[in-house]
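Okay, structure first, notes after.
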Number of protein chains: 2
Amino acid sequence: MINEGDISKGFIGTIKPIDGGICAVSNIKAAGIRDGKYGVSLILCEDCDVAGVFTSNKVTAAPVEYTRKTIENGRFSGIIANSGNANCFTGNQGVLDCEEMADITSKLLKIPNTEIATASTGVIGRKMPMDMIKKLIKEVSENIENSKNASINAAKAIMTTDTVYKESAVEVTLNNGEKVKIGGICKGTGMIAPNMGTMLCFIATDAIANQKTLKIALKKAVDDSFNMVIVDGDESTNDTVLLFSNGDSNNSIVLNEEDNIQKIEKRDTDDNLNYAIDSIDENFQEGLNILCKDLAKQMAKDGEGATKFLEVEVNGARTIGEAQIASKSVVKSSLVKTAIFGGDPNWGRIIAAIGYSGANMDLEDFSIAVSSGKELVNLVINGEVLAFEGTEYLEDAEKIMKAKEIKVIIDLKEGNGNATAYGCDLTYDYVKINAEYTT
Amino acid sequence: MINEGDISKGFIGTIKPIDGGICAVSNIKAAGIRDGKYGVSLILCEDCDVAGVFTSNKVTAAPVEYTRKTIENGRFSGIIANSGNANCFTGNQGVLDCEEMADITSKLLKIPNTEIATASTGVIGRKMPMDMIKKLIKEVSENIENSKNASINAAKAIMTTDTVYKESAVEVTLNNGEKVKIGGICKGTGMIAPNMGTMLCFIATDAIANQKTLKIALKKAVDDSFNMVIVDGDESTNDTVLLFSNGDSNNSIVLNEEDNIQKIEKRDTDDNLNYAIDSIDENFQEGLNILCKDLAKQMAKDGEGATKFLEVEVNGARTIGEAQIASKSVVKSSLVKTAIFGGDPNWGRIIAAIGYSGANMDLEDFSIAVSSGKELVNLVINGEVLAFEGTEYLEDAEKIMKAKEIKVIIDLKEGNGNATAYGCDLTYDYVKINAEYTT
């Protein structure tokens, strides 16, 4: 799914897309099975280090709190996940259901229940159908294996309104010439699916890395990928991303071990992410970024009711933070999203969305272009509007807007902050899916 | 348009809805005329005090800057407004076109051009059709009068995608027993119409008040009304609200003149709004609030493609600010809006929208109810979910969701912050209107 254009120039040759999804990583076993609207996925990876990133919504589902606690000590042997019910607003019974899911898996596979995380996605505010879930857990636990199909089945079983399964894998050549692999599966049709349908993502690697190192690398990758995807701007109660390492490659991703391990150990809050980031092998980080961006794009393309993929690149913002809020403001705008659906190169809506985002800009000096990947047309250059009615620029832009994948490139000329956000159009089908989905 | 329920208990008797829109105020003359997709409105009010509130979008149209400057010295005799073209992204020519609109009006009506504001709404990024606009200005200037019809014509001529004209007027009995009137017209189909279609609102009063007093009263009223309306969350480049007073009633709205005039004079930033607010007659302020809320609701009801009006009242937030962000987060949520369209009492989406708003809440202790105005059903009380599948609560809630006007009432039980936000559902027609509107 990753093409060369997704890989930064400096990393071509060091990062290679490979097959196999999460099972591209050796000794990662997976299985997935569905029965009607319910599905269960199991990922097994005995004795791993693990780190997680969870929803920042103050309303969280039971499995989010359960898994947050379970992985606290950094030890991890697997995750049991279900689709069809989000186990949210389920009170204390919800917590007991998480425990039971982990217990059953633990007994069936003979691994400590304290090392089994859980995740759920689906309808909220309903009790878990535990009889069905228990039946499916038993079935998946009999079918786990390390194979391409196993990854696909696991990716399929956690789908809700997703129309395609999502997986990705890369092989990374580290700075020292050694190779490691990273593979993942995810589900989600944007920042959120109907009824808080959730983004779930499980990523495995055979690199050596402890929890703190994994946390730094994962936080960085999520910031540039999943946190830059917006379908409708709502944020789920269940979002969960896990990264775990079994060390099978025997290659550490921490550079110059001595100093850097100390540096990583000292970093203990999300705020000082950059303090330790250069302790991590740059190629590994880029490989993880690319994998997460690939999965994020797959989610945006599968956005509810989406017919078009939208990528908004903001360059020249005063800071990276401003580039992020500006690009996200554009992909989130209902007016921009409907214009994309209608094939209308309506750059006025785009620049207005930047105007209210809070990012600094000068109306007299900015540039906007649209691209289909093959062709690019400038609409405004250095504040001068080219795409007036009746011009070739506007006609060419209208042709580009017919493409399935549209990239908007904006230069704010205020500084060196660059960021890219991913989204999709707003269509009749989005309304249909979400208006007709009942509690 | 205002009914008794809109008027707070303490103000019944002191605030009375009246007919006539902006022309309910004596000596306010108006006219409006349309020709195809263009329209021109003229409001005349010789020698008034004036204050304005404008879009906070960093991208602003020429008339916003022009009018901001024109009213700076507080003197005002009228406004000439057009629909069909927003005069935005029109460079220096746009400013010249504002000047010309004011000049022509000035000459035709023999009033200083420095006292004439301008406003525009419509398509952006296109040059103003000045021949058409000039023709229409000439026509309206020959037809101005103080009459019910004049107010309606002026309200109609500034409509773009609006499906109904919007006006409101109240008579206020001040603290000292004297009476003043407030009347206004507005256009807008939410916080923004397609292609930055803009909210414009012009309000006149016969009370005595200087610019600083008007600014305080207007800012307060706008915060609780227009700033609490969200149709799609986009914010226009052209939003303009003007409040002007001709003093014809001979009644000042400043209490205990001496002290309070000083207090008002000292207040010079938006930040210290509350410093001087109690210097203003409470009944006048409430009358202005009610008038602005009435116009704001008319806009929300006329939201693009809307079939249902949504009012979200958040009580018991930690602060008023948190109540505002929580209630706005709910009316802005695409998932809530589509649920309202689908008639689905999906309180999970509602509480999740509060969860990511940033407002403090405790999942174990909050309440949600829905109301059609006539009937009210509790969905969650003190954290206990009543509206489970198969319960009467859920069935009753589904009946309420069929109403045209739906109110959601939330109690966060964190403090004394209350706020109400106004919006509408997200429908196929919203997508249609905005996808098919071309640049």
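Note that these values count all heavy atoms, side chains included, but never hydrogens, waters or copies made by symmetry.
Between B/L426 and A/V431, the shortest heavy-atom distance links the atoms O-CG1, 3.5 Å. The minimum heavy-atom distance linking B/A352 with A/T237 is given by the pair CB-CG2, 4.1 Å. Closest non-hydrogen pair, B/F89 versus A/G348, comes out as CE1-CA, 4.0 Å. The minimum heavy-atom distance between A/I351 and B/V59, with the atom names listed, is O-CG2, 3.5 Å.
Heavy atoms of A/D425 lying under 4.5 Å from chain B are absent altogether. For a residue to count as touching a neighbouring chain, one of its non-hydrogen atoms must lie under 4.5 Å from one of that chain's; by this rule A/S357 does not touch chain B. Residue contact with chain B, scored on non-hydrogen atoms closer than 4.5 Å, involves the backbone of A/A359 exclusively. A/L363 touches chain B through its side chain: at least one heavy atom from C-beta onward sits under 4.5 Å away, while N, CA, C and O do not.
Rounding to the nearest 0.5 Å gives a distance of 7.5 Å between OH of B/Y428 and CG of A/D429.
Between chain A and the options B/C88, B/G342, B/G355, heavy-atom pairs under 4.5 Å are most frequent for B/G355.
Legend: residues meeting salt bridge (charged side-chain N to carboxylate O under 4.0 Å, His left out) with A/E65, ordered by chain and number and at least two apart, are A/R68. Evaluation of the ring-ring contact (aromatic ring centres under 6.0 Å, His included) rule for A/Y66 yields no partner, not counting sequence neighbours.
The environment of OH in B/Y393 is sparse: at most 12 heavy-atom neighbours from other residues, nucleotides or ligands sit within 6.0 Å.
The closest side-chain heavy-atom distance from A/T55 to B/Y356 is not below 4.5 Å.
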